[in-house]
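Residue numbering restarts at 1 for every chain, and letters A, B, ... go by the order of the sequence lines.
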Amino acid sequence: MTNPKLVLIDGNSLAYRAFFALPLLTNEQGIHTNATYGFTMMLQKIVEEEQPTHMLIAWDAGKTTFRHATFSEYKGGRQKTPPELSEQFAYIRKLVDAYQIPQYELDQYEADDIIGTLSRIAEEKNIETIVISGDKDLTQLASDKTTVQITKKGITDLESYTPSYIQEKYGLTPIQIIDMKGLMGDTSDNIPGVPGVGEKTAIKLLSAYETVEGVYAHIDEMKASKMKEKLVANEELAYISKQLATIERAAPIEVTLDTLHYPGPDMEAVHEIWHQLQFKTLLEKSAFQTEAKELKDIDFEVISSWEDSHFEDDMTFHIELYDEHYHTTEVLAVVLATDSKHYVMKGDAAFSQPLFKAWLEDDSKQKRCYDVKAFQAVSKRFGCELKGASFDLVLAAYISDPSISSSQDLASLAKHFGYTEVDEEEAVYGKGAKKKAPEDEALFHHALRKATAVWELKEPVEAKLKETKQYDLYHELELPLASVLGEMESFGIKVDRETLEKMGVELKGRLTEIEQRIHAMAGESFNINSPKQLGVILFEKIGLTPIKKTKTGYSTAADVLEKLQGEHEIISEILLYRQLGKLQSTYIEGLLKEIHDDGKVHTRYQQALTSTGRLSSINPNLQNIPIRIEEGRKIRQAFVPSEKEWVVFAADYSQIELRVMAHMSQDEKLVRAFQEDRDIHTQTAMDVFGVAADEVDGNMRRAAKAVNFGIIYGISDYGLSQSLNITRKEAALFIDNYLTSFPGVKHFMDDAITSAKRDGFVTTIMNRRRYLPDITSSNFNLRGFAERTAMNTPIQGSAADIIKKAMIDMDRELESRGLKTKMLLQVHDELIFEVPVDELEEIQKLVPEVMENAVELSVPLKVDFAFGTTWYETK
DNA sequence: AGTATCACG
DNA sequence: ACGTACGTGATACTG
């Protein structure tokens with residue numbers, strides 16, 4: 001017998017939520033269906049994910065409740081339920097009946113109270129309970145046994161409130177949620193609270209005094225303030241509010257747990273209602289699911305020796321790998337499939353069979369893949385070249401929407417396109433320490449289902465890309481780039497172990513010295529790497545003034561410590577310790593661990609991850625090797641050419657983002673400045689400060705540079721004030737001056753936001769998209785973030801498009817000229833090569849030329865370059 | 001597993 | 001009044 005699991009649902013709250021989250025849909029009879037539809041989606045999800053044994057949907061009973069006796073204005077000022085919603089309640093109730101979920105309401109009580117009472121009873125019987133609502137009030141019911149899930153965004157996105165989550169989020173216990181409401185009130189229920197007290201203040205008071213009663217017991221100890229006056233004046237309101245917010249947990253309900261047994265839905269009845277309301281997608285999906293489940297028993301053939309008859313001109317090619325580290329991980333199986341053929345070969349044996357190799361390397365045999373770059377790199381490990389890759393599901397999905405990233409597995413990716421017949425990786429392999437490859441049969445099935453998903457999704461996903469005019473971006477930029485990147489990764493870059501080890505020994509000595517000095521100054525020994533312990537030493541023992549706080553305590557971040565420098569000699573030692581410690585752990589020890597037997601590191605570029613279209617680099621990350629501080633920069637001395645007498649060659653775009661902005665905004669002054677190749681930061685300083693070129697001093701240029709950065713990031717006065725250490729007012733003035741001087745830029749920024757609001761997304765010069773659902777949010781923070789993103793993404797993303805195009809051109813040029821020079825790394829706006837000396841002259845001309853002509857903008861692109869015996873020397 | 005910190009463009 | 005710069009990844013600590 002499985003353990004009982006009880007799910008309690010706040011019916012009214014979810015119905016409202018569904019109604020407002022979805023546009024007002026109607027069926028052919030003119031019946032509104034949006035709330036019913038949303039409610040169905042929620043039920044479907046809850047039933048599938050929670051698999052409850054017992055369930056109840058609780059409803060509010062009527063107009064008045066016992067709370068109105070306490071406070072007649074309770075829930076006053078509320079908008080009347082829209083008639084379009086009222087008419088849907090009948091359908092929702094019918095639907096719930098079809099699902100065979102018990103429903104209940106009780107006169108004079110609200111759904112909250114029914115749920116509170118039942119969850120108490122369940123708790124006493126030690127039964128696991130889930131409460132689902134759109135109302136955060138219910139979180140007061142959370143306990144070890146009871147999880148409260150609150151709708152978050154959309155209709156099926158839920159946030160789980162457990163006692164520890166509530167502690168984390170608010171610093172309160174579930175019971176204190178009641179006290180919080182008592183102090184801050186709740187506008188939606190017309191609970192008054194203490195005027196002027198909001199969430200932040202309420203939490204502060206409660207963490208000091210625990211309860212509303214505690215606050216008033218200690219009110220005399222509080223310093224005189226506006227807040228204190230308000231608290232004193234509204235004591236009675238606070239108590240009434242707390243009482244109103246308290247869920248009744250002993251309501252006189254007539255249902256018992258036994259009557260809440262949930263037998264599962266009567267699907268026939270459910271389908272009938274769906275049919276009546278014309279929920280076509282749900283009906284189709286449900287039909288598709290039953291159909292597809294039979295598809296799971298697809299016949300496949302386990303191959304031990306490939307034959308000509310196995311191969312087709314167009315197939316899915318899939319390599320089942322143990323984990324994502326494809327440069328080293330084990331090959332578990334190789335799969336070839338079409339809609340009618342399904343072959344699998346265990347392990348990596350396929351690669352050693354000539355027939356297979358010939359097919360793999362035949363450009364005219366099309367391969368549909370899940371991750372071309374990975375499969376290419378794996379093939380290369382076995383001495384094979386993957387050719388004819390005609391489709392990459394990861395890339396195609398990412399281009400259609402970059403929030404579908406490669407960090408999701410195929411199952412969740414396919415779901416975005418309505419395909420559900422694949423298991424999650426975790427379900428097949430397990431997770432954490434328990435992860436292991438399944439038995440052959442399960443493994444083959446899983447690999448085959450993935451291959452089938454890839455086969456099925458090619459057409460619809462490509463059609464979608466054509467519709468949004470993104471097919472070229474996918475097919476002519478990202479897909480060819482995957483091969484170029486795969487080549488770079490497989491080739492790798494040589495790292496000199498001895499150089500790093502020598503630096504490591506020296507660093508270790510210095511670190512112990514500094515550590516001893518710090519401990520001596522502190523008068524005790526402690527862990528400097530623990531922000532918690534360090535905070536205690538600095539701000540309690542030594543008594544320095546904390547400048548910033550984090551969620552968990554004092555901030556000891558570098559910008560805080562820098563402000564404290566001069567107050568105590570320990571500060572500069574700590575900063576140095578942090579700096580050197582970072583070098584030691586991340587760049588010496590970390591990098592050493594990544595050196596393969598060939599003396600090289602082989603990063604993996606994540607081509608389908610960032611929201612802007614940039615690449616990212618992992619295992620190791622070669623896009624954040626130190627450069628700004630000399631001590632760190634020396635790490636680059638360990639990056640050397642793989643052949644004697646070759647050199648490292650580095651070329652970077654100068655001001656690519658500002659040039660892109662000039663092009664996109666068509667700001668006259670900015671365009672001209674670049675066309676005349678002027679120093680852009682000096683030019684900005686002249687305009688912002690209204691001075692002549694020779695009057696711009698170092699500080700003015702530095703400020704102008706920060707303003708330029710700010711503009712690219714989607715400026716805010718606060719952000720600029722932080723970066724320049726000036727007041728917000730001064731920062732606002734800089735920005736204002738800038739936007740007046742460059743009206744084209746102002747127009748561009750405004751337009752970015754307007755078009756994002758209109759279309760729901762922003763685009764780059766190559767039609768890369770980023771969706772910004774939060775741009776219309778009523779939440780100030782979310783909206784502000786989306787607005788800055790709307791300004792930044794077209795710039796950062798277009799720069800990414802450009803260098804990607806340059807890489808493809810560069811690769812073709814090296815190939816067609818038969819050069820031995822290798823492209824090794826990409827670091828957002830720069831490319832790193834290794835070059836035989838006899839090609840150096842040609843490369844010095846070729847690389848800048850290719851990069852500068854990757855695209856044509858209304859401003860010139862400019863490339864600087866340097867070379868040397870190590871990466872360090874390319875300055 | 002989440003948080004703080006710090007490395008890069 | 002709100003509370004922020006944009007985009008990443010690796011490490012150490014801590015509950």
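Between the side chains of A:Asp496 and A:Thr499, at least one donor-acceptor pair of N or O atoms lies under 3.5 Å. Side-chain polar atoms of A:Gln623 and A:Tyr605 form no donor-acceptor pair below 3.5 angstrom. Checking A:Asp751 against A:Thr754 by side-chain atom types alone, no donor-acceptor pair falls below 3.5 Å.
Between A:Arg788 and C:dA5, a side-chain N or O to OP1/OP2 separation shorter than 4.0 Å is absent. Between A:Lys532 and C:dG15, a side-chain N or O to OP1/OP2 separation shorter than 4.0 Å is present. The side chain of A:Thr586 places no N or O atom within less than 4.0 Å of a non-bridging phosphate oxygen (OP1 or OP2) of C:dT11.
When each of A:Glu478, A:Lys373, A:Lys804 is paired with A:Gln607, the side chain to side chain donor-acceptor pair (under 3.5 Å) condition holds for A:Glu478 and for no other. A salt bridge (charged side-chain N to carboxylate O under 4.0 Å, His left out) with A:Glu631 is found for exactly one of A:Lys582, A:Arg636, A:Arg510, namely A:Arg510.
Counting non-hydrogen atoms under 4.0 angstrom, A:Ile618 reaches the backbone sugars and phosphates but no base. Backbone-only contact: A:Ser616 has heavy atoms under 4.0 Å from sugar-phosphate atoms and none from a base. Within the 4.0 angstrom heavy-atom criterion, only backbone atoms of the sugar-phosphate kind lie near A:Ser617; the bases stay farther away. At a threshold of 4.0 angstrom between heavy atoms, the contacts of A:Arg728 include nucleobase atoms, whether or not backbone atoms are also involved. Residue A:Lys200 is classed as a sugar-phosphate contact, given heavy-atom separations below 4.0 Å to backbone atoms only. Looking at heavy-atom distances under 4.0 Å, A:Gly710 makes contact with a base. Nucleic acid contact for A:Ala706: base, since at least one base atom lies under 4.0 Å from a heavy atom of the residue.
Here the side chain of A:Thr329 pairs no donor or acceptor atom with the backbone of A:His325 at under 3.5 angstrom.
Rounding to whole angstrom units, CD1 of residue A:Ile803 and P of C:dT8 are separated by 17 Å. Rounded to an integer number of Å, the gap from A:Phe785 CZ to C:dG7 C1' is 9 Å. Rounded to whole angstrom, the span from the OH atom of A:Tyr738 across to the C1' atom of C:dA5 amounts to 15 Å. Straight-line distance from the CG atom of A:Asn792 to the C1' atom of C:dT4: 14 Å, rounded to whole Å. Atom P of nucleotide C:dT8 and atom CZ of A:Arg604 are separated by 17 Å, given to the nearest angstrom. Computed from coordinates, the A:Lys593 NZ to C:dT11 C1' distance equals 9 Å when rounded to whole Å. Rounded to whole angstrom, the span from the CD1 atom of A:Ile795 across to the P atom of C:dG7 amounts to 13 Å. A:Gln533 places its CD atom 15 Å from the P atom of C:dA12, with the value rounded to the nearest Å.
Spacing between C:dT4 and B:dA4 at atom P, rounded to whole Å, works out to 12 Å. Taking atom P on both B:dC8 and C:dG3, the two are 31 Å apart, rounded to the nearest angstrom. Distance check on atom P: C:dA5 versus B:dT3 gives 16 Å, rounded to whole Å.
Interface remark: the A:Arg783 side chain does not form any donor-acceptor pair with the C:dT4 base, using a distance-only criterion of under 3.5 Å.
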Readout for nucleotides 2-9 of chain B: B = base within 4.0 Å of protein heavy atom, S = sugar-phosphate only, - = neither; 5' to 3' it is -SSSBBBB

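A salt bridge links A:Lys541 with A:Glu524: at least one charged nitrogen is closer than 4.0 Å to a carboxylate oxygen. Note on A:Glu589 versus A:Lys593: no salt bridge recorded, every NZ/NE/NH1/NH2 to OD/OE distance being 4.0 Å or above.
In this structure C:dC2 sits in no base pair that meets the Watson-Crick or G-U test at under 3.5 Å.
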